[in-house]
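Report on the structure given below.
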Amino acid sequence: MVGGRPDFPALERSILAFWKEADVERRTLAQRRGAERFVFFEGPPTANGMPHPGHCLTRTIKDLYPRYRTMRGQYCERKGGWDTHGLPVEVEVCKALGIHSKAEIEAYGVEPFIHKCQESVWRYMKEWETTTERIGFWLDLSTAYVTYHRSYVESVWWALADLFERGLLYRGHKIVWWWAQGGTALSSGEVGQGYKEVADPSVYVALPLLDEAGRRGTRSLVAWTTTPWTLPANQFAAVRSDLEYTVLRERDGADAGEYVVASALATAFAEKTKKTFDIVATLPGSDLVGRSYLPPFDTFRPAGGLSGAELVGGGRQVAAWRVVAADFVTTDSGTGIVHVAPAFGEVDFGVLTTERARFADPAALDLLCPVAPDGTFTDAFPVGSGRFVKLVDRDIIRDLRQRGLLVHQEQYVHDYPFCWRADDDPLIQYPRQSWFIRTAQFRAALLANNARINWLPEHIRDGRFGNFLESNVDWALSRERYWGTPLPIWVCEATGRAEAVPSYAALLAKPGVAGTDLFDRAKAKQPDLCEDLRVHKPYIDAVTYDSPFAAGSRMRRVPEVIDCWFDSGAMPFAQWGWPHAGADAFAGQFPADFISEAIDQTRGWFYSQLAISTLLFGGDGPRTLPAGVAPPPADWPHPFRTCIVLGLMLGEDGQKMSKSKRNYKEPGVIFDAYGADALRWYFLAAQPPWTTIRYSERAIRESVPEFLLRLWNVYSFFVIYARIDGFDPGRLLDRPGRLDHADLAAARGWRPAAERCELDRWMLAETSATAAAVTERMDRYDHFGAAGLIAALVDGASNWFVRRSRDRFWAAGRADDSPAGNPDKLDAYWTLYETLLTVARLAAPFVPFVTEAMWRNLAVSPFGDRVPDSIHLTDYPPGAPALLDPDLVRRMTLVRDVASLGRAARAGARLKVRQPLAKVEVILADARAADAAWLEAHADLVRDELNVKQFEVCREPDRYITRSVQPDLKRLGPRLGKDLPRVRAALATADVGALLAACNRDGWVDVALPGGGTATLEREDLLVRTTAREGWAAAEGPAAVVVMATELSPELVAEGLVREVVHAVQAARKTLDLEFTQRIELSLCTPAAPLAEAIATHRDTIAAETLASVVLDVPIEGGTREEHDIDGHPLMITVRPLAAEGAA
RNA sequence: GCGCGCGUAGCUCAGUUGGUUAGAGCGCCACCCUGAUAAGGUGGAGGUCCCAAGUUCGAAUCUUGGCGCGCGCACCA
């Protein structure tokens, strides 16, 4: 059913059924087997949350290019994938179980907990599958990779083992964001979730300097901190050696000491403390470096005072509570002297590391940490022992004040991270053993690889992503959690030496392996237990083997699992189980030509993929491949060549989408109301993909008439009349081929473009040009530009071709090659048919449903199995170069402009189009003579469009317009530069006629400049602009001025009145809901003489236009009466339908 | 605080290496068509292109500095 209002959602459901029944998706792939590949990677979504509109966007983009490339003849696999590990899954399970802490999980039991996690992963699976299918995203979910699957885990193991073999995976002591109450470190992403603005105490603390003998003097450093609880762990004070420091003494202070602060901050310091200071001295920071000071607390201070330790190069120095030089010291805030507590800050820890390197025995510098993993002070710091550090701040401040070390105290408002799932728990930075990957030493390689990626938008490369890589730090890989890929490292109980295991088979091959039975027993008890869990906690933890490092000792796995981002980043090879399996699949599917995700994946999937690929497959790795397995080529970029980075999608109110705020409509609602094509077109055509999209139902709804409905209307127009006129391409053409222009040539009654009318040639030229341009854009991944071109083509077909061709479609004769056929009508059908087929195929990757419906009806209905049964099995239309006709396209634009200007001129003069006018004249600004002649030859067209009796290109333009000459700035700018204003001035006052005449004669002209000198200008340097003179009904555009004759003769007025009358009668017919073939009796009564006369004169016209058998001037008995006002004249219309007696 | 992006019509957004009269859709007003018709079309009004300075013959476009918004990073003490 093509007529009437289309029901897109219903249409789409039937198309979905067809795709499924006819196995179309698989066949599009099978058809291209062996062809050049287009490699696409699916970034795995997590299926334990509901899909929302943002996912619909990514899925639309991810579908578009594979569809397009497939139609272009490439072979594009679309293997799905699911991300299944990680804290979010554990959190979901904990919620369901009503538990929170690690202790509670342990109490519940790791084994049942893992089982729950594995089940929970598939919680919203159904919704994801439905959404994926409904939006038309062709993705093979049946072969989707799953990150918890054993083969996937073993691929990841191999990668980690390889890194370990190369010394790139190590165990380190680092400062991590620690959730003390939960007993785990959090990932940076998790930390980022939990920032809150809070007021913390901020203190200025005096650190008394010590002399050579270790005696305390009167002079103190002043350090600033917002975390007083870290003061007991103080180990250093940092200054910058190239800064100047000032020694201040409080004026009027009785026994005031002296304070050292950075000179740049001395004033601010004085203002803060509200004290008046005298400057005692200034000194460079370098003078402070090496000095000892008294730590704020004695926590770790040896009773016997400070003894030195031996330096690497000989000599001795005090190990702790010493001033060090550091670049990170700034004068932005504080005092220019930084309290360094290596246990509680990453930067601070860096200071310790640097200092350790200076000493012969690094152990001389212990890491001082008075805090237990649960966040409470140990007995080492009696003031706060047993209490959570943050709660001890006040006691610490009181203690400092009592001892005279507190210089100043205030509240400081700043952002501080809290646990994202327990937002009353502040996080602390805390030293913790974890496993790291040495990504930082690959910084240059990462950047080089990144430099070769085609990022869209481009600024991602050097902007967000590049910056991120520049500041790369080693990847903190391990997580002290449960549901994740277990870190495949086994450690010797006796020696602590470790080795990595690349696969389960390798583990089984170890000497004296034991513990594999834990899983077997669980499986025996619970036969449906997922086999993949064999490589997960707790089963894998039970597997031990003989240590190669110490006889009689066992190797045990470390307890950690890994960051789930490593899982997803390993997807290019792990999806095939490579290198343990899938060598061929991997070789053919690496690197990806195209991936796309939203910008939040910069440090997520984009980074994890790049980092893993660069480390494994860059210049010098991998080293541990099984025999016969080759690494992929190392050429950059890998593992992806082009990446479209999508903007974030916001809700209707411009805020982040959130379920609780209900600021977005569920995708399902949109699908049911407007259809998937509407949503897809909105995503693809309404804005470039990287802008932040404000998702709104209104915007989606409004995008429908603009494209989908218009396309449908043209299509529906064609179908309606093709049926009436018997246009049946299936009968006229035996071998349809690909239904391209050349194939249609074989059809009976088909005439070459050259023999058809101009409008047909124009339509075909536009179509061909658009096909070429769209292809070019799509090859550049510019679907936004391509969509604009397709929309413009549809607009041209609807609002120019169809509108101007109506009479041809309605002309007498059949649309076939029979004797009753009308060749021009047939031309019109062939032209529109070809255009529709081309447009449908161009738009197929964008709106796969409606275009499929069009193809099924336009091609499959008439040709049956002579053509592919799905549009997605066809080739993308190449366009026919022979049909291109730039001159015609330009001229048609010109005539459309003229028509448009004519209407503007009418509007200006308040002369509606129903009122015929005598004449319209056009003055072309700077057109070629051939264009003018062409335009004049199309007088009929313009007369028809503008309802005028006469049209001509004006021979005496000076009557209506003035001309001015302007310099072509783009051409002359580079040549004349500073002289331009003078050239402009000269041209403004020049004799335009003479100037142009000289130019046309000689090709150039010298212009005298106001300040002296001349400029030589060529004809091409001059632009002629025409301006309408006052007093005419005229409208001007860049290309032309259109002037309307406004004088109304009595005849013209009468004709105008008649058109109004016809209009009124048609309205009456419509009110009566008459069939358009229904004949009527009509009476028109008016007391107004001019109107009566006009009606009398044009009685036949009125009768013909309104299908009236008679037009009377007395009321008809039994007719329906309507009172009308015709340009101020009253008119009574009476209509009486006649008994049916055949069609018009 | 640092980094990235963005500020153009009432709303949502284009504007492709600096160039002449800055565009579209929606909304609004007016009009047209009435054989695609519970559709379709045309025209119009509406803009200090966030502000300021600079570079330039010329800036919505380039530079710098503000202001505002979004995102990322970050207790850099």
Side-chain angles (χ1 to χ4, degrees), chain A residues 3-5 188 191-192 195 200 223-227 230 237-238 328-330 332-341 344-348 412 414-417 426-429 457 459-460 463-465 467-468 471 599-600 602-603 647-648 650 654 656 686-688 690-692 694 696 698-699 702-703 705-706 709-710 712-721 782 784-785 788 798-799 802-803 806 809-810 899-900 903-904 906-908 912-914 947 966-973 976-984 1023 1025 1035-1038 1063 1066-1067 1069-1070 1076-1077 1144:
Chain A
R5 206 168 30 158
S188 62
V191 175
Y195 275 88
D200 273 327
W224 175 64
T225 180
T226 54
T227 48
T230 63
F328 59 77
V329 177
T330 65
D332 296 340
S333 57
T335 61
I337 296 168
V338 175
H339 146 64
V340 177
F344 304 122
E346 209 177 318
V347 175
D348 309 50
Y412 185 76
H414 63 163
D415 290 322
Y416 191 88
L427 304 180
I428 59 173
Q429 294 211 312
H459 62 72
I460 298 288
R464 192 167 288 220
F465 198 68
N467 288 340
F468 177 62
S471 60
I599 193 166
D600 56 357
T602 332
R603 63 195 41 247
L648 215 76
L650 305 176
K656 205 167 179 171
Q687 61 275 308
W690 41 80
T691 47
T692 33
R694 195 126 149 209
S696 84
R698 208 193 87 185
E702 286 172 352
S703 81
E706 203 186 313
L709 196 57
R710 191 173 286 169
W712 184 268
N713 281 333
V714 177
Y715 160 66
S716 144
F717 178 92
F718 171 86
V719 172
I720 290 168
Y721 293 106
D782 177 15
F784 175 63
S798 172
N799 292 327
V802 169
R803 191 159 69 81
R806 277 175 163 139
F809 287 105
W810 300 332
S900 175
R903 278 186 281 266
R906 270 181 173 278
K912 50 190 169 185
V913 182
R914 271 198 291 265
N947 190 22
Q966 297 197 324
D968 186 334
L969 299 174
K970 212 165 189 170
R971 280 173 60 91
L972 292 175
L976 299 177
K978 281 191 197 312
D979 287 335
L980 267 185
R982 288 157 69 217
V983 172
R984 247 176 148 164
L1023 298 174
R1025 186 157 143 210
E1036 62 191 54
H1063 178 60
Q1066 301 289 25
R1069 286 183 58 112
K1070 193 168 181 181
F1076 68 80
T1077 52

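Because the structure is a prediction, the values reported are computed rather than measured. Here is the naming used below: chain letters follow the sequence lines, and residue numbers restart at 1 for every chain.
At the heavy-atom level, A/Arg806 lies under 4.0 Å from base atoms of the strands shown. Contacts of A/Thr227 with the nucleic acid, taken as non-hydrogen atoms under 4.0 Å apart, include base atoms. When heavy atoms are screened at a 4.0 angstrom cut-off, A/Val340 is found touching no nucleic acid atom at all.
For the pair A/Asp600 CG and B/G72 C1', the interatomic distance rounds to 10 Å; values are reported in whole Å. Summarising the geometry, the separation between CG on A/Leu648 and P on B/G70 is reported as 12 Å, rounded to the nearest angstrom. Rounded to an integer number of Å, the gap from A/Leu709 CG to B/A38 P is 12 Å. When rounded to the nearest whole Å, the span between CZ of A/Phe717 and C1' of B/G35 equals 9 Å. Between A/Leu427 atom CG and B/A74 atom C1' there is a gap of 14 Å when expressed in whole angstrom units. What separates CD of A/Glu706 from P of B/A39 is a distance of 17 Å, to the nearest Å. Per the geometry, NE2 belonging to A/His1063 stands 10 Å off C1' belonging to B/C31, to the nearest Å. With rounding to whole Å, A/Arg906 atom CZ is found 12 Å from B/U42 atom C1'.
Going from the C1' atom of B/A45 to that of B/G27 covers 13 Å, rounded to whole Å. Across the P atoms, B/U48 and B/U8 are found 12 Å apart, a figure rounded to whole Å. Taking atom C1' on both nucleotides, B/A9 is separated from B/G23 by 10 Å, rounded to a whole Å. Rounded to whole Å, the separation between the P atoms of B/G41 and B/G15 comes to 25 Å. If you take atom C1' in B/C11 and the same atom in B/C71, they sit 23 Å apart, rounded to whole Å. Comparing B/C28 with B/G46, their C1' atoms are spaced 10 Å from each other, to the whole Å. Comparing B/G19 with B/C62, their C1' atoms are spaced 14 Å from each other, to the whole Å. A gap of 11 Å separates the C1' atoms of B/G47 and B/A60, to the nearest Å.
Regarding contacts with the backbone of B/G43, a side-chain N or O of A/Ser900 is found under 4.0 angstrom from either OP1 or OP2. Under 4.0 angstrom from either OP1 or OP2 of B/A36 there lies at least one side-chain N or O belonging to A/Tyr721. The side chain of A/Arg710 contributes an N or O atom lying less than 4.0 Å from OP1 or OP2 of B/G41. Taking side-chain N and O atoms only, A/Asn713 has no distance below 4.0 Å to OP1 or OP2 of B/A39.
For the side-chain contact (heavy atoms from CB on, under 4.5 Å) test, residues two or more places apart in sequence or in another chain that qualify with A/Ala223 are A/Leu207, A/Ile337, A/His339. By the side chain to side chain donor-acceptor pair (under 3.5 Å) test, A/Asn799 pairs with A/Asp795, sequence neighbours left out. Taking A/Arg806 as the reference, nothing meets the side chain to side chain donor-acceptor pair (under 3.5 Å) condition, with sequence neighbours excluded. For A/Phe784, the side-chain contact (heavy atoms from CB on, under 4.5 Å) test picks out A/Pro688, A/Asp782, with sequence neighbours left out. In this view, A/Thr225 and A/Thr227 satisfy the side chain to side chain donor-acceptor pair (under 3.5 Å) rule, not counting sequence neighbours. Take A/Leu969 and apply the side-chain contact (heavy atoms from CB on, under 4.5 Å) test, not counting sequence neighbours, and it matches A/Pro967, A/Leu980, A/Arg984. Every ring-ring contact (aromatic ring centres under 6.0 Å, His included) that A/Phe468 has, sequence neighbours left out, goes to A/Tyr607. Residues satisfying the salt bridge (Lys or Arg N to Asp or Glu O under 4.0 Å) test with A/Arg982, not counting sequence neighbours, are A/Asp979. Every residue meeting the side-chain contact (heavy atoms from CB on, under 4.5 Å) condition with A/Ser798, not counting sequence neighbours, appears here in chain and number order: A/Arg710, A/Val714.
If you take CZ on A/Phe718 and OH on A/Tyr715, they are separated by 9.5 Å, rounding to the nearest 0.5 Å. Atoms CD1 and CG, on A/Ile460 and A/Asn467 in that order, are 10.5 Å from each other to the nearest 0.5 Å. Expressed to the nearest 0.5 Å, how far OG1 of A/Thr602 lies from CZ of A/Phe465 amounts to 7.5 Å. Of the inter-residue distances, the one linking A/Asp600 atom CG with A/Leu648 atom CG reads 6.0 Å to the nearest 0.5 angstrom.
In this structure, B/U61 forms no base pair with any nucleotide, since neither Watson-Crick nor G-U wobble geometry is met with both distances under 3.5 Å. Under the Watson-Crick or G-U wobble criterion, with both distances below 3.5 Å, B/C4 is paired with B/G70. Judged by Watson-Crick or G-U wobble contacts below 3.5 Å, the nucleotide B/G43 has B/C29 as its partner. Pair assignment for B/C76: none, as no Watson-Crick or G-U wobble contacts are both less than 3.5 Å. With a 3.5 Å ceiling on both atom-pair distances, B/A9 lacks any Watson-Crick or G-U wobble partner. B/A22 is unpaired under the criterion used here, namely a Watson-Crick or G-U wobble arrangement in which both key atom distances are under 3.5 Å.
Using bins of under 30°, 30° to 60° and over 60° for the plane-to-plane angle, the ring pair A/Phe809/A/Phe717 lands in the perpendicular bin.
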Original post:
Along nucleotides 2-8 of chain B, 5' to 3', which nucleotides get a B, which get an S, and which get a -, given that the test is a protein heavy-atom distance under 4.0 Å?
Top reply: -BBS---
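Of the listed nucleotides (B/G44, B/C71, B/A36), B/G44 has the atom at the smallest distance from the side chain of A/Ala904. Minimum atom distance to the side chain of A/Trp810 is reached by B/G35, of the listed B/A39, B/G41, B/G35.
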Considering only nitrogen or oxygen atoms on both sides, find all protein atoms under 3.5 Å from nucleotides 11-14 of chain B and state each distance.
residue: B/U12; atom: OP1; partner: A/Arg694; partner atom: NH1; Å: 3.2

List, with names and distances, any nitrogen or oxygen atoms from the protein found under 3.5 Å away from nitrogen or oxygen atoms belonging to nucleotides 57-59 of chain B.
residue: B/C57; atom: OP1; partner: A/Lys978; partner atom: NZ; Å: 3.0
residue: B/C57; atom: OP2; partner: A/Lys978; partner atom: NZ; Å: 2.8
residue: B/C57; atom: O4'; partner: A/Gly977; partner atom: O; Å: 3.4
residue: B/C57; atom: N1; partner: A/Gly977; partner atom: O; Å: 3.3

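In this structure, A/Ala341 and A/Asp348 approach most closely via the heavy-atom pair N-OD2, 2.8 Å.
If you find the closest nucleotide of RNA chain B to A/Phe344 and to A/Arg903, the one lying nearer the 5' end belongs to A/Arg903.
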